[in-house]
Asks: 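Got a structure here, written out as structure tokens. Questions coming.
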Amino acid sequence: MVKGTSYMQNSIFFLLKQFFLFFLFIEVFRTIFVIYYWDKLQVVASPITETLWAYVHAISLDVATASILLVIPWLLTSINILFKLSFIKIVLFIYTLGVFALSTFIYIAELGIYNEWEEKPTFKIFNYLKHPDEAIASNPLVLTVILTIILVSVLVLFYRLTKKLYATYDVKAKGDYRLVLFTLFLLPIIIFLGARGGWAEIPISQSTVYFSKHKVYNDLAISTVYNFIHSITENQAIINGKNPYEIEIDDKHREKILTQLMATPKGCERESLFTISRPNIILVIWESLSGDFIKNDKYKKVIPNIMKMSKEGILFTQIYASATLSHEGLPSIFSGWPALGGTYITNLPSKFYKLPFLTQKLKENNYTTSFIFGGQLRYGNLTSYMYGNGFDIIEEHSDIELDSSKEGVLGFHDGYMFEYLQEKSSKLKEPFFSAIFTVSSHSPYDQPMEDTIEWGDGDKGYLNSVYYTDKSIDEFIKSAKKESWYKNTLFIFVADHSHHTPLAWSRADKRWHHIPMLFYGDVIKKEYRGKSVDKIVAQGDIPATLLSQLGISHSKFIWSRDVFCKEYKENAYIMNKNGFGLITKEGSLTYDLKENRVIYKDGNISGLQTKGNVYMQKLLQTYLDY
């Protein structure tokens, strides 16, 4: 036996076996879930095939979970390499059993709650564990017995496997410097890559494993332990369920404020914009488009085609994005959900599945639906959220067969994707709802054309990327006019969020959150073409406004309002990292809750802090209750 072999067997091989023990644990409970809820998996024609696909898609997130759990064993074995401490083995053994014990309770909780909740356990389960007698009483006795048997059986099995594993680990084993260097420097890199899902620019998330149109199969593929850990890290500020926005205020005053900021009155009188009741809809979500481009004459030259189209469409001149990131903007557009500081609802399937979805309302009214994106949606767990929308077709970069010469760093360039959108839309049954999310105006701004905009200094790349997308839209519209469906189609262009420009607004400034939105198409009545809507509008008002025009109920979109309702109250909420912003006709402010001060204001801000506080209290409480 060569020098170092013993060390390798007792350290590196030990960690490798520890990794596979964690991985096996995850797969055992996935299999138990399959058996326990086999009846729920009958929603497809071939449940066995779909189940096997769930196992395949789950591998990457399971590897990430096992890698995260391996960090402590690696730290402890590394300490042992340097100091040869005999008690390290005991600490490792206790840690491993602790992981199995805690994880088993989480898995058992999932088996117990999934039948009623149809969601994976999150940090909220701590609130229910405060009253275990109620949890037990709400579960049938026979199921409680079955779950107890499963719990004990799995713990006994993995206790024995853990004992066998640790019987092979010798804390006194010696090794040479090469193995020491590998364990201390190379192994953590391998563990890190496993935990983040490899070298890809966007780290792994739950959305990586989404593959099915049926929620139960996506839930099956998600690692329960990963989901649970993630729910805690995403909600540290509110893990105790306390609402920091709660203030003392008279109930009548509170309701009056919420009526002003939230409600669309029932049966309100509204303008009717369209010539037909059920137009096709093409929604273009434009990555990072600032409102400066429609307000400033110099900036208008960056989007000449949108400005030309605005003379034939309806331009919304004072619409404000909910927040600053795509995975905050898309729920605002599709669900009317305002962004929350400190957490993202897309990261928690247990919560975003409680939201209403514009797509589902359209499908209920015989729309065929599709969503395409030239990049990868995994950032911010957007894949999961988009599947939650219930699109008939979802395609992102890996699903789209275009020549590699047509792609940049983040995905296929917008010009080629608009060609693809036209091709896909032409194959859809009318009426259809086609949504596309652009990518070219996201850094690193590697659009496939020479720079046209020669000013902007550090923002020159961004300005040219916006110019490129505008040019691509012009080519798309010209080509779409040749299609039979064009005359029956409404085109909506709106940004997911705004972006820094050379005007350099502060993020607390309402002007940073300003975005454009344009309705365009032959379906718009002639008397409305070329008009501007100068009302203050929130990005989250899009679902209610569109559904109202289609004669479809939007009652479940409680945070979204119909802009064309005659009683519409002009205001817009914007998220601030540590608080909120409120924009009204009379004045605007942005308030930092942590610093307890106003960090931006203009006009008359009397009463706005109270109104914003009441709105945020209601919003956060709704989130906590989901």
Asks: For Y385 together with H327, are the ring centres under 6.0 Å from each other?
Replies: no

Asks: Can you find a side-chain donor-acceptor pair between E110 and T224 that sits under 3.5 Å?
Replies: yes

Asks: Flag this pair as yes if the NZ/CZ of K215 is under 6.0 angstrom from the six-membered ring centre of Y353 and inside a 45 degree cone about the axis; otherwise no.
Replies: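 Verdict for Y353: a cation-pi partner in K215.
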
Asks: Under 3.5 Å, is there a donor-acceptor pair between the Y55 and T31 side chains?
Replies: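 The criterion, which ignores hydrogens and geometry beyond distance, is satisfied for T31 and Y55.
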
Asks: What do you reckon, are the aromatic ring centroids of Y367 and F433 less than 6.0 Å apart?
Replies: no

Asks: Using a distance-only test with no angle check, is there a side-chain donor-acceptor pair under 3.5 angstrom linking E287 and H497?
Replies: yes

Asks: Can the ring centres of F33 and Y37 be said to be less than 6.0 Å apart?
Replies: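 Yes, the ring of F33 comes within the 6.0 Å limit of the ring of Y37, centre to centre.
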
Asks: Strictly by modelled atom types, are H214 and E50 linked by a side-chain donor-acceptor pair under 3.5 Å?
Replies: no

Asks: Which class fits the ring pair W337 and Y626: parallel under 30°, tilted 30 to 60°, perpendicular over 60°?
Replies: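 W337 and Y626: tilted rings.
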
Asks: Tell me if the centroids of the rings in Y420 and Y416 come within less than 6.0 Å of each other.
Replies: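 Y420 vs Y416: aromatic centres not under 6.0 Å.
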
Asks: Side chains of Q206 and N227: any donor to acceptor distance under 3.5 Å?
Replies: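 N227 vs Q206: donor-acceptor pair found between side chains.
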
Asks: Looking only at the side chains, is there a donor atom on one of D392 and T369 sitting less than 3.5 Å from an acceptor on the other?
Replies: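 The criterion, which ignores hydrogens and geometry beyond distance, is satisfied for T369 and D392.
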
Asks: Relative to F228, does K120 satisfy both conditions: NZ or CZ under 6.0 angstrom from the six-membered ring centre, and within 45 degrees of the ring's axis?
Replies: no

Asks: Could you tell me whether the side chain of Y114 reaches within less than 4.5 Å of the side chain of V216, counting heavy atoms only?
Replies: yes

Asks: Check side-chain hydrogen bond (donor to acceptor under 3.5 Å, both in side chains) between S67 and all other residues, then give those that pass, not counting sequence neighbours.
Replies: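 Not a single residue meets the side-chain hydrogen bond (donor to acceptor under 3.5 Å, both in side chains) criterion with S67.
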
Asks: Less than 6.0 angstrom separating the ring centers of F100 and F22, yes or no?
Replies: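 Close enough - the centres of the two rings lie under 6.0 Å apart.
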
Asks: Can you find a heavy atom in the side chain of E396 that is under 4.5 Å from one in the side chain of T383?
Replies: yes

Asks: Under 6.0 Å between ring centres, would you say that holds for F334 and F357?
Replies: no

